[in-house]
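Working notes for the structure below.
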Amino acid sequence: MSKTRSHGVFGKGVQPGCGKRQREGHGGLALHYNFRVSETLPTRYDFASAEARWYTFWEKRGFFRPRPGKGRFVIMMPPPNITGILHMGHVLNNTIQDVLVRWHRMKGEETLWQPGIDHAGIATMNKVEQEIAKEGKTRFDVGRDEFIKRTWAWKEKYGGTIIEQLRRLGCSADWENLVFTMDPGYTRAVLTAFVELFNSGLIYRGKRLINWCPRCKTALSDDEVEREDKASHLWYIRYPFAEGEGFLTVATTRPETYLGDTAVAVNPKDARFSGLIGKRLRLPLVDWERRDTEGRAVSPEVPIIAHSAVDPDFGTGAVKVTPAHDPADYEIARDENLPLVQVIDQSGIMTENAGPFAGLTREEARERVVAELEKAGFLEKVEGYTVPLGTCYRCGTAIEPLLSEQWFVRMKELAGPATEAVRSGRVKIIPEYGQKIFFNWMDNIRDWCISRQIWWGHRVPIYYCDGCGEIFASVDKPEKCPKCNSVNIRQDEDVLDTWASSWLWPFGTLGWPDRAERLLRYYPGDVLVTGWEILFLWVARMMMAGARFMGEMPFHTVYLHGIVRDERGRKMEKSLGNSPDPLDLFREYSVDGVRMGILFITPEGRDVLFSLKSCEIGRNFANKLWNAARLVLSNAGGEFRGLPQELRLEDKWILSRLDAAILRTNELLEAYELNGALKTLYDFLWAEFCDWYLEAIKPRLQSGDRGGIDVALFVLDVYLRLLHPFMPFITEELWQALPNRNGESVMIAPWPEPLGKVDAGAEKEFDALREMVSGVREIRGTFRVPKGAKLRLFFRNSPEAMGLALENRTILEFLAGIEGVSESAEPPAGSALIPSKSFEAYVTLSGIIDTNKEKTRLEKEIAELSIQVERMRARLSDPDFLQKAPPHLVQEQKIRFSEMEAKLERLREQAKRL
RNA sequence: GGGCGGAUAGCUCAGCCCGGUGAGAGCGCCUGCCUUACAAGCAGGAGGCCGACGGUUCAAUUCCGUCUCCGCCCACCA
């Protein structure tokens, strides 16, 4: 009988090296053993089928719904944008949440993972605008009502994509209670919050210089502006004195705005200019009329003023002041009562104030202005310079500071309780240093511009009465003015910043402002899992909203993970083409493989360098697990007979190791060290269960003793439960095949508690046995011992180790190819020494051991060891050490020293003998 | 300018909080294996003055300070 070898359990396509092999004809350490392989599990794991099957099963059984239990665990899913398409960042973020949620659910807690979708004002508007653009129109051509209608239609058509994708990822969220931020209930929450803040005086309207995106045609908050350094220039422009000869040179990065200058400022302490303050300069070229924002004419002659904000060391020490287009200049203008001349409009086009440059874009104007200035001799020089350019976080367009009327939230008052919660430890940030970053921002918080000049979103619930001029806020659309009863009222045109709705997420999703049952039951939640990039945009504000509206922080732990980068450390971006489609990865490596892979390589709190390699780690691990289970199940005969009465050494060892893995996994999960927990599980399965335990029980299987299989089944049951949160699908598929499973799904099976089976003695003995096996294997390798050749093992002055070897000789025989264990008063001739601290053992095989090679091997070992021994000898003869180090440590060192010395002695003796 | 993180094997990272003297993993590399659970695998191996300099200590990869390099966040240097 021959079998086609498959390459791993996932093998779907053609694999290299895939050919038929005869069973006979190859040697090996264990060639006379045969193991029954039944078809209990298919050779290949059909993950695609398992993923679909089990997800449906879980959902049909309602496992994603919270079920009453002991304790409660609530996570609010950061709502993806309706425009969102699953990317690796989502995969990481949601896998972490799913691990936590599945873990707590298994612990028997009432677990809610609240999912939702964000209407994503600007991002969604951009999508719909792109559609409209295909018809050659803008949103202004279409009109507000029609635009909103089309946006809803777009949402119906594409808005659910990412939810389906998150389900593919295996997310066990409470999908039946999915919340959209523009649902009527949630909308009411948003408006209620606004009205409350307005009535409390925490929301105000003001005319300010704000960040304006000329492409999106809306204001942005400071936090929505991204800064990037851009190579540009510093232009030195000469401003002639209005009277007399000469000029003053100013340096600027934005020459096109000089048309809106209303002053030139110098530092009052700057002696170079002390005599010039109060004098007037004439703006080059400007011979047309400019008007300020109040409509008053502004002279092209501007004063030289003194202001402390000016850095004398920058440029020429004199700075042009363009209050309408620069935040710093705006401050100066406010202090000095300067007029504001706007030269760029809301679309980024030069205004009438720009005279002949009117109608040009900002970029065109820059070129033309520079050219004209140069031609007229006003351009002194140009230097290369890197400018920090503000760009729109949604479309990347350069931000234009513009003067406009907007709604703001006073943040200082709101920030207090949130800062205090972190300071007092009521809210913990993971990693811990996140606190410092949090404080740094909170302590310098500035007011939040929450109005947006777009149409998709929650309309500002402010009404203006045309009758009496009253301005008031109302959740419901009012019929008339509450003050004068006039029906001539109109609503504010702006909508709210998307973050001004999502900051209510932890309670808005639960029915607030009503005292809904869900709200009382699930607020506050427990953990918030998100990336650093929205710590301020979202997390901090949720904390403020929680304090303000609920009187309590919305979670006790903030878990921050890094962003997913490519293997070269670059951000994943569409334009770079370095962002793999997770769905492709799922098809190639399985969902579990991708989940496991990314968690495996994610350092706590720092950015992840993602590559296909990590998916391979996950896939290979799943393969390993599948095959281990296959070996066990195929020998179980469909039954589990309970743990054997008499446990053998390897049984005690693996149970002890399993117990250690349980303890460690629990410990690490409690500390939110998912990566560490997963590594613990990885190592246990691969390096202990597969490499040693399953190998060690093979001889027993041969002799018809199924004790090892029952232990293995026991281990697998516990292990699959431990691993389930990380790799939900394969663990379910395998757990369902266990004869000893207890329950209908691993997903709701009890989370493993420590077994009380830690057995230090068994571990020590098995370690010694492993040392013998590895020692023999090393000798086999060094001396090129043929595969089938049997070696003899001799012990000298090591009764304990010899007893151990005799008791476990079948294991030694199988794993190390040892035939015969005996005692020897003297080292046998032609033998090789197994270097060990705890025993003295030799391996013999006539004619095989090459004396020279053995000598080299021993000498190398001696050289390394003697350095250590000498170092330790010095330490142990240091009176300071003996006196000051803790006694138990000194004792420990002494024991270790004598062991190492004994080992060294043995090595030296043997080397001398040769 | 202010705040923060990182520097450990060729690469990506554990370990460091709480110092204990033999520094681990995965991938890559070398050697030998298709040993019927798994070649996406097995066995063995090479490879590291733990960024630099000081300090504390009986003892420092680990704690403290300074510096260098890389990265991130915040901030009105035009």
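Chain naming here is simple, since letters A, B, ... match the order of the sequence lines and numbering starts at 1 in each.
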Take the protein atom CH2 of Trp626(A) and the nucleotide atom P of G41(B), then report the distance between them rounded to whole Å. 17 Å

Under 4.0 Å protein heavy-atom contacts per nucleotide of nucleotides 63-78 of chain B, with B for base, S for backbone only and - for none: ----------S-SBBB

Non-neighbouring partners of Glu864(A) that pass salt bridge (Lys or Arg N to Asp or Glu O under 4.0 Å), sequence neighbours left out: none

Is any side-chain nitrogen or oxygen of Asn635(A) closer than 4.0 Å to OP1 or OP2 of A37(B)? no

Rounded to whole angstrom units, what separation is found between the CD atom of Glu778(A) and the C1' atom of C33(B)? 17 Å

In whole Å, what separates the P atom of C64(B) from that of A7(B)? 14 Å

If I pick the P atom on G20(B) and the same atom on U61(B), what distance separates them, to the nearest angstrom? 10 Å

Could I get the full list of salt bridge (Lys or Arg N to Asp or Glu O under 4.0 Å) partners for Asp878(A), not counting sequence neighbours? none

Would you tabulate the side-chain donor-acceptor contacts of residues 673-684 of chain A under 3.5 Å, counting partners in other chains and residues two or more places apart, or write 'none'?
residue, atom, partner, partner atom, Å
Asn675(A), ND2, Leu599(A), O, 2.9
Asn675(A), ND2, Phe600(A), O, 2.9
Asn675(A), ND2, Thr602(A), O, 3.2
Lys679(A), NZ, Phe600(A), O, 3.4
Thr680(A), OG1, Gly676(A), O, 2.9

Using a cut-off of under 3.5 Å, enumerate the N/O to N/O pairs linking the protein to nucleotides 19-24 of chain B.
residue, atom, partner, partner atom, Å
U21(B), OP2, Arg896(A), NH1, 3.4
U21(B), O2, Arg875(A), NE, 2.9
U21(B), O2, Arg875(A), NH2, 2.8
U21(B), N3, Arg875(A), NE, 3.0
G22(B), OP2, Arg871(A), NH1, 2.6
G22(B), O2', Gln868(A), NE2, 3.2
G22(B), N1, Lys837(A), NZ, 3.0
G22(B), N2, Lys837(A), NZ, 2.3

Proximity to the side chain of Lys436(A) - top-ranked nucleotide from C42(B), G5(B), A40(B): G5(B)

Which of these nucleotides, A37(B), A43(B), C13(B), is closest to any side-chain atom of Asp691(A)? A43(B)

Rounded to whole Å, the CZ-P distance (Arg780(A) to C33(B)) equals 13 Å

Rounded interatomic separation in angstrom, taking CG from Leu631(A) and P from A37(B): 6 Å

How is Glu695(A) classified with respect to the nucleic acid when contacts are heavy atoms under 4.0 Å: base, sugar-phosphate, or nothing? base

If you look at every strand shown and take non-hydrogen atoms under 4.0 Å, does Trp686(A) touch a base, only sugar-phosphate, or nothing? sugar-phosphate

Can you name the residues that form a ring-ring contact (aromatic ring centres under 6.0 Å, His included) with Phe314(A), not counting sequence neighbours? Tyr385(A)

Holding to salt bridge (Lys or Arg N to Asp or Glu O under 4.0 Å), I want the full list of residues that pass it with Arg784(A), two or more places apart in sequence or in another chain. none

Tell me the interatomic distance from Trp692(A), atom CH2, to C38(B), atom P, rounded to whole angstroms. 20 Å

Within the 4.0 Å heavy-atom criterion, would you say Ser774(A) contacts the bases, only the backbone, or no part of the nucleic acid? sugar-phosphate

Between C50(B) and C13(B), how far apart are the two C1' atoms, rounded to whole Å? 13 Å

Could you check whether Glu688(A) pairs with Arg770(A) (Lys NZ or Arg NE/NH1/NH2 to Asp/Glu carboxylate O, under 4.0 Å)? no

Establish whether the base of C27(B) is bridged to the side chain of Lys613(A) by a donor-acceptor pair shorter than 3.5 Å. no

Within this structure, what is the CZ-to-P distance between Arg44(A) and G41(B), rounded to whole angstrom? 17 Å

Looking at Lys837(A) and Glu771(A), does any basic side-chain N land under 4.0 Å from a carboxylate oxygen? no

Between Trp686(A) and Phe621(A), what is the ring plane arrangement, given parallel below 30°, perpendicular above 60°, and tilted in between? parallel

By ring-ring contact (aromatic ring centres under 6.0 Å, His included) - contacts of His233(A) (at least two apart): Trp235(A)

Would you measure the distance from the C1' atom in G54(B) across to the matching atom in A9(B) and give it in whole Å? 27 Å

Rounding to a whole Å, what distance do you find between Leu685(A):CG and C38(B):C1'? 11 Å

Does anything in residues 317-326 of chain A form a salt bridge (charged side-chain N to carboxylate O under 4.0 Å, His left out)? List the pairs, not counting sequence neighbours. Asp261(A)-Lys320(A)

So does Lys860(A) get a side-chain nitrogen or oxygen closer than 4.0 Å to the phosphate oxygens (OP1/OP2) of A46(B)? yes

What's the gap between C72(B) and U62(B) when it is taken at their C1' atoms, as a whole Å value? 25 Å

Would you please say whether a donor-acceptor pair under 3.5 Å links the side chains of Tyr393(A) and Glu224(A)? yes

Can you tell me, in whole Å, how much space there is between the C1' of A59(B) and that of G22(B)? 15 Å

Partner residues of Arg208(A) under the salt bridge (Lys or Arg N to Asp or Glu O under 4.0 Å) criterion, sequence neighbours left out: none

Let me check I have this right: for RNA chain B, each base becomes ., (, ), [, ] or |, based on Watson-Crick or G-U pairs with both distances under 3.5 Å. What is the full string? (((((((..((((......[...)))).(((((.......))))).....(((((..]....))))))))))))....

Distance, rounded to the nearest Å, where His888(A) contributes NE2 and A59(B) contributes P: 18 Å

Classify the side chain of Arg777(A) versus the base of A43(B) as yes if they form a donor-acceptor pair under 3.5 Å and no if they do not. no

Under 3.5 Å, sequence neighbours excluded: what are the donor-acceptor pairs made by side chains of residues 305-312 of chain A?
residue, atom, partner, partner atom, Å
His307(A), ND1, Ala309(A), N, 3.0
His307(A), NE2, Asp335(A), OD2, 2.9
Asp311(A), OD1, Asp313(A), N, 2.8

